[in-house]
Amino acid sequence: MNAFEATTTQREFMFHLNHTPTDFIIEGISDVPELQVLIFLLVLLIYLATLGGNVAIVLLVCLNSHLQVPMYTFLANLSILDMSCSTAALHKIFTMSLSKEISYLSCLAQLYIFSSLTSDQFWILVAMSYDRYVAICKPLYYHMVMNGRHCALLVSVCWVLGFLEVVPHITTLSRFTCYRSNKIDHFFCDVLPIREITCSDTTSLDLCLVIIGLTHLTSTFTLTLIPYVFIISSILNIKSNTGRQKAFYTCSSHIAVVLIFYMTIIIQYIASKSTKSNASNKVFALLNTAIVPMLNPLIYSLKNKDVKLALKRMIKN
Ligand SMILES: *[C@@H]1O[C@H](CO)[C@@H](O)[C@H](O)[C@H]1NC(C)=O
């Protein structure tokens with residue numbers, strides 16, 4: 001019996017609820033009081049930076065007519081997703097000193113909102129990739145293909161896909177009727193920490209997670225990658241050096257964001273396979289829910305001339 005199983009049986013012995021609790025208790029990141037204050041301040045700081053950066057992006061795009069092109073309206077949508085996702089995952093950390101309790105329904109709602117917003121982000125990255133493909137490989141058709149109506153349609157499809165694809169595993173989870181404890185050892189209601197305290201049969205949940213997870217990741221990854229295969233071959237065919245640099249320049253920020261997204265997924269996957277410790281899983285969850293959402297605005301404002309220029313102009317006025 002390993003340490004993980006030992007603690008699980010211990011818990012089972014201590015609180016065998018055998019029914020769905022009306023409230024869950026979110027245990028948070030650490031139970032050391034000094035550490036709690038430090039974590040609270042650190043996460044608050046990162047969260048404020050995330051809000052500041054992403055609100056700035058949305059404002060810049062909404063207030064500057066020359067940023068109202070698909071590339072930036074997609075980026076503004078990504079910023080809104082980043083902020084909402086971060087808020088959904090982190091808000092309990094901020095109110096934890098008042099109450100660690102969360103009702104069963106709020107917990108499911110939090111799980112649903114957080115999961116669907118997370119999948120939405122992947123679909124928006126696909127849309128952004130497709131946008132760069134049309135801009136670089138089919139420049140003559142760009143204004144026709146990427147007109148306002150098509151963009152709105154593309155963005156709506158992305159949002160709807162994200163909200164639909166998490167329905168199966170969340171409905172499966174909501175059917176669980178047996179819990180051995182109501183203590184969620186995490187800082188928000190995520191699937192795996194809830195799965196850990198259920199005594200219902202998790203076979204169908206696991207199946208849902210694997211099938212949907214794999215389908216989601218392979219389809220979004222391939223759909224993000226394929227446009228880039230065409231983009232890169234088309235960039236390599238450009239004769240002039242400056243033309244090549246310019247074409248590469250317009251997609252470099254997006255490539256950076258895509259890389260960070262998939263890197264954190266891979267790191268989290270490897271980490272969860274190699275360690276069963278809840279502490280390190282929480283740290284990686286923080287990386288995903290606090291740090292990554294803060295990075296997009298940074299990448300775009302540091303690397304992108306249009307955004308930098310708009311920012312300068314806004315500060316001057
Ligand atoms: C999100 O994308 C749609 C479609 O391109 C656009 O109309 C909308 O303004 C975007 N949202 C923001 C906040 O820019």
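As the structure lists them, so they are numbered: ligands from 1, and atoms in each ligand from 1. Bear in mind the structure is a predicted one, so any value in this text is a computation, not a measurement. Atoms considered below: every heavy atom in the structure, side chains included; atoms not considered: hydrogens, waters and symmetry mates. Position 1 is the first residue of the sequence; numbering continues from there.
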request  = Within a distance under 4.0 Å of any heavy atom of Ala152, pick out the atoms of ligand 1 and give their elements.
outcome  = 4 (C)
Among Thr172, Leu111, Ile170, the one residue meeting side-chain contact (heavy atoms from CB on, under 4.5 Å) with Val191 = Leu111
message = Run the side-chain contact (heavy atoms from CB on, under 4.5 Å) test on Tyr133 and Ile226 for me, step by step, so that the C-alpha distance in whole Å, both residues' side-chain angles and the decisive distance to 0.1 Å come before the verdict.
response = CA-CA 9 Å; Tyr133 162 74; Ile226 290 174; over 6 Å; no
request  = Output yes when a side-chain donor or acceptor of Thr73 lies under 3.5 Å from a complementary backbone atom of Pro70, and no otherwise.
outcome  = yes
inquiry  = Is atom 11 (N) of ligand 1 touching the protein, meaning some protein heavy atom lies under 4.0 Å away?
reply    = yes
ask   = Do Phe230 and Tyr130 have their ring centres less than 6.0 Å from each other?
value = no
key: Contacting atoms of ligand 1, where contact means under 4.0 angstrom from a heavy atom of Val155   = 2 (O), 4 (C), 5 (O)
note = The closest protein heavy-atom partner of atom 13 (C) of ligand 1 is Ile80 CD1, 3.4 Å
ask   = Quick one: nearest non-hydrogen protein atom to atom 5 (O) of ligand 1, plus distance?
value = Thr73 OG1, 3.2 Å
query = Between Glu101 (side chain) and Phe24 (backbone), is there a donor-acceptor pair under 3.5 Å?
reply = no
request  = Under the disulfide (SG to SG under 2.5 Å) rule, collect the residues that match up with Cys85, sequence neighbours excluded.
outcome  = none
request  = Starting from atom 14 (O) of ligand 1, locate the nearest protein heavy atom and write down its residue, its atom name and how far away it is, to 0.1 Å.
outcome  = Ala76 CB, 3.2 Å
inquiry  = Considering non-hydrogen atoms of the protein only, which is the closest contact for atom 3 (C) of ligand 1, and what is the distance?
reply    = Asn77 ND2, 3.6 Å
